[in-house]
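Report on the following structure.
Every number for a ligand or one of its atoms is a count from 1 in the order of the listing. For the single chain, residues carry numbers from 1 onward in sequence order.
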Amino acid sequence: GDILKKRKIVVLGSRSVGKSSLVIQYIENHFVESYYPTIESTFSKNITYKGVEYDCEILDTAGQDEYTILNSKHAVGIHGFVLVYSVASRKSFDMVDIVYEKVANFCGMNSIPCVIVGAKTDLQQSKSRQVAPTEGEELAKRHHAAWVETSAKSNVNVAKVFELCLAEIEKTTSNSNNN
Ligand code: GDP
């Protein structure tokens with residue numbers, strides 16, 4: 001058989017936006033109401049996307065803020081980035097830009113293979129939405145990134161996040177020796 005292509009994906013964003021819940025829902029197919037704040041965990045999953053099977057490593061992080069110095073482990077050797085905000089938190093949305101710039105700067109790139117995720121969409125009924133879908137779309141467009149809204153709680157668009165991330169990675173690896 002063929003050797004699977006390895007893809008390393010890191011999940012970044014403010015604390016408590018739902019990064020761990022998203023990853024846990026994806027890997028273990030359940031929603032944890034109260035999960036311990038993550039220090040850092042790595043998960044492995046084989047993902048088949050467009051008929052190709054990838055051996056993916058997903059790195060869940062504690063979360064970043066404007067004062068966080070980017071951990072080199074969250075950029076070096078990473079193929080794709082998942083940048084998460086909560087649709088119920090304007091501050092977490094603003095943080096996406098800051099984290100994006102830190103990563104791009106670290107990598108010496110104008111743009112990085114990235115999917116921007118608006119999490120916790122199930123909260124929109126309760127007037128708690130602070131970020132409109134169009135704002136998320138515009139942010140993603142500005143960074144040439146993919147964008148999707150999800151709910152780990154209601155299991156909406158969870159797998160989509162990682163498929164979009166692989167798609168973004170393929171866009172940038174198709175002309176390079178990254179296979
Ligand atoms: P992290 O710090 O970014 O990893 O965030 P967590 O995954 O630990 O989630 C923080 C809090 O938000 C927890 O209380 C979760 O139960 C809650 N949460 C996570 N995802 C969702 C979601 O899709 N909908 C709702 N309503 N709450 C969520």
Worksheet item: Between Asp122 and ligand 1, which part of the residue brings a heavy atom under 4.0 Å of the ligand: side chain, backbone, both or neither?
Response: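 Asp122 to ligand 1: side-chain contact only, backbone stays beyond 4.0 Å.
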
Mind checking whether [X] has an N or O less than 3.5 Å away from an N or O of ligand 1?
| X | answer |
| --- | --- |
| Ala152 | yes |
| Thr150 | no |
| Phe31 | no |

Residue [X] vicinity, atoms of ligand 1 by number, heavy atom under 4.0 Å:
| X | answer |
| --- | --- |
| Ser21 | 6 (P), 7 (O), 9 (O), 15 (C), 19 (C), 20 (N) |
| Leu123 | 26 (N) |
| Ser151 | 23 (O) |
| Val32 | 16 (O) |
| Ser16 | 1 (P), 2 (O), 3 (O), 5 (O), 10 (C) |

Worksheet entry | Audit row: Leu123, Arg129, side chain to side chain contact (heavy atoms under 4.5 Å, CB included) steps and yes/no | CA-CA 7 Å; Leu123 291 177; Arg129 184 187 269 271; over 6 Å; no

Practice prompt. Select the closest option to atom 17 (C) of ligand 1 among Lys19, Lys153, Arg15, Lys120, judged by heavy-atom distance.
Written response: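 Answer by nearest heavy atom: Lys120.
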
Worksheet item: Just by distance, do the side chain of Glu57 and the backbone of Ser44 share a donor-acceptor pair under 3.5 Å?
Response: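 No; zero donor-acceptor contacts below 3.5 Å.
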
Heavy-atom neighbours of [X] [atom1] exceed 12 at 6.0 Å:
| X | atom1 | value |
| --- | --- | --- |
| Lys102 | NZ | yes |
| Lys45 | NZ | yes |
| Asn110 | CG | no |

Worksheet item: Can Val10 and Thr61 be said to form a side chain to side chain contact (heavy atoms under 4.5 Å, CB included), step by step?
Response: CA-CA 8 Å; Val10 68; Thr61 67; 3.7 Å; yes

Discussion item. As a test of understanding, state which of Lys6, Arg7, Lys5 forms a side-chain hydrogen bond (donor to acceptor under 3.5 Å, both in side chains) with Asp55.
Written reply: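 Going through Lys6, Arg7, Lys5 one by one, the side-chain hydrogen bond (donor to acceptor under 3.5 Å, both in side chains) with Asp55 is satisfied by Lys6 alone.
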
